[in-house]
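The block underneath contains the structure these notes are about, expressed in structure tokens.
Computed from heavy atoms alone, side chains included, the values below leave out hydrogens, waters and symmetry copies. In listed order, ligands and their atoms are each counted from 1. Please read these numbers as outputs of a predicted model, since none were measured by experiment.
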Amino acid sequence: MQAACQLALTLYCVDMSIRITNPSSSDPEAEQIAVLFVCLGNICRSPLAEGLFRRSVQTAGLAERFFIDSSGTSPWHVGQAPDPGSIAVAAKHGIDISMQRARNLREDDGERFHWVVCLDASNKRVVGARIEPKELFLLRDVDPLRSGTGVPDPYGGSSQAFDECFEIIERCMEPLLERVLQVKKLSV
Ligand code: 4NP
């Protein structure tokens with residue numbers, strides 16, 4: 001039983017490293033760009049950011065180049081699906097996030113993810129105290145309308161709160177992708 005658990009753990013670790021780097025090429029440029037979105041519960045805002053950014057890179061034809069995930073600074077909702085409000089607003093815009101499951105920030109996320117993008121300042125403080133990724137910033141640092149603030153938390157709010165949250169995150173996606181590609185010296 002113990003051996004089976006160890007084997008499962010080893011296979012999981014191998015799988016994670018395969019997902020983060022592309023083993024089919026020895027070209028270092030082919031390494032995947034790993035981006036992690038972080039909020040408090042990982043059920044409202046960061047699942048939307050994950051779903052929307054996934055769509056952006058797919059639209060740009062760059063899906064193979066990216067490894068995208070999200071997590072929460074709290075363990076409160078670990079294993080749960082996104083909030084029904086987030087699932088509904090994403091579905092309204094043709095994005096299915098219902099298969100995502102909440103997870104807590106891991107101590108090795110700083111090594112696993114070059115880019116860690118936080119949904120508000122409190123999340124960023126907590127993340128900065130726990131891990132040291134190469135790039136750590138607020139999503140709204142790239143907001144063309146109001147940079148440097150947090151995405152309001154829609155948890156427990158009305159459908160309008162989720163609409164507003166979606167709208168803010170959506171308008172940050174193109175500038176975020178541009179920022180990442182600029183640093184990676186890639187073009188769409
Ligand atoms: P999120 O929203 O950080 O955008 O996922 C929240 C979800 C749950 C709670 C707070 C915020 N909560 O207190 O359980």
Quick note on ligand 1: atoms under 4.0 Å from a heavy atom of Cys44 include exactly 1 (P), 2 (O), 4 (O), 5 (O)
Just to be sure I read this right, does ligand 1 sit under 4.0 Å from the backbone of Asp153, its side chain, both, or neither, counting only heavy atoms? side chain
Ignoring angles and geometry beyond distance, decide whether Pro154 reaches within less than 3.5 Å of ligand 1 through its nitrogen or oxygen atoms. no
Of the backbone atoms (N, CA, C, O) and the side-chain heavy atoms from C-beta on, which set of Asn123 has a member under 4.0 Å from an atom of ligand 1: side chain, backbone, both, or neither? neither
Give me the ring orientation class for His93 and Phe166: parallel if the planes are under 30° apart, tilted from 30 to 60°, perpendicular past 60°. parallel
The reported gap from OG in Ser70 to CZ in Phe113 (rounded to nearest 0.5 angstrom) is 9.0 Å
Would a 4.5 Å heavy-atom cut-off, applied to side chains only, mark Leu119 and Val38 as touching? no
Starting from atom 12 (N) of ligand 1, what is the nearest protein heavy atom, named by residue and atom, and what distance separates them? Tyr155 CE2, 3.3 Å
Could you check atom 1 (P) of ligand 1 against the protein and tell me its nearest heavy-atom contact, residue, atom and distance included? Cys39 SG, 3.5 Å
Heavy atoms, side chains only, cut-off 4.5 Å: are Asn123 and Val126 in contact? no
Those atoms of ligand 1 less than 4.0 Å from some heavy atom in Leu40: 3 (O), 10 (C), 11 (C)
Does Leu48 reach the side chain of Cys165, with side-chain heavy atoms less than 4.5 Å apart? yes
Could you tell me whether Arg179 sits above the aromatic face of Phe137, with NZ or CZ closer than 6.0 angstrom to the six-membered ring centre and within 45 degrees of the axis? yes
Can you find a heavy atom in the side chain of Phe37 that is under 4.5 Å from one in the side chain of Ile68? yes
Within ligand 1, which atoms have a heavy atom of Ile43 less than 4.0 Å away? 5 (O), 7 (C), 8 (C)
Minimum non-hydrogen distance to atom 14 (O) of ligand 1, winning option of Arg45, Gln80, His77: His77
What protein heavy atom lies closest to atom 13 (O) of ligand 1? Include the residue and the distance to one decimal. Trp76 CZ3, 3.5 Å
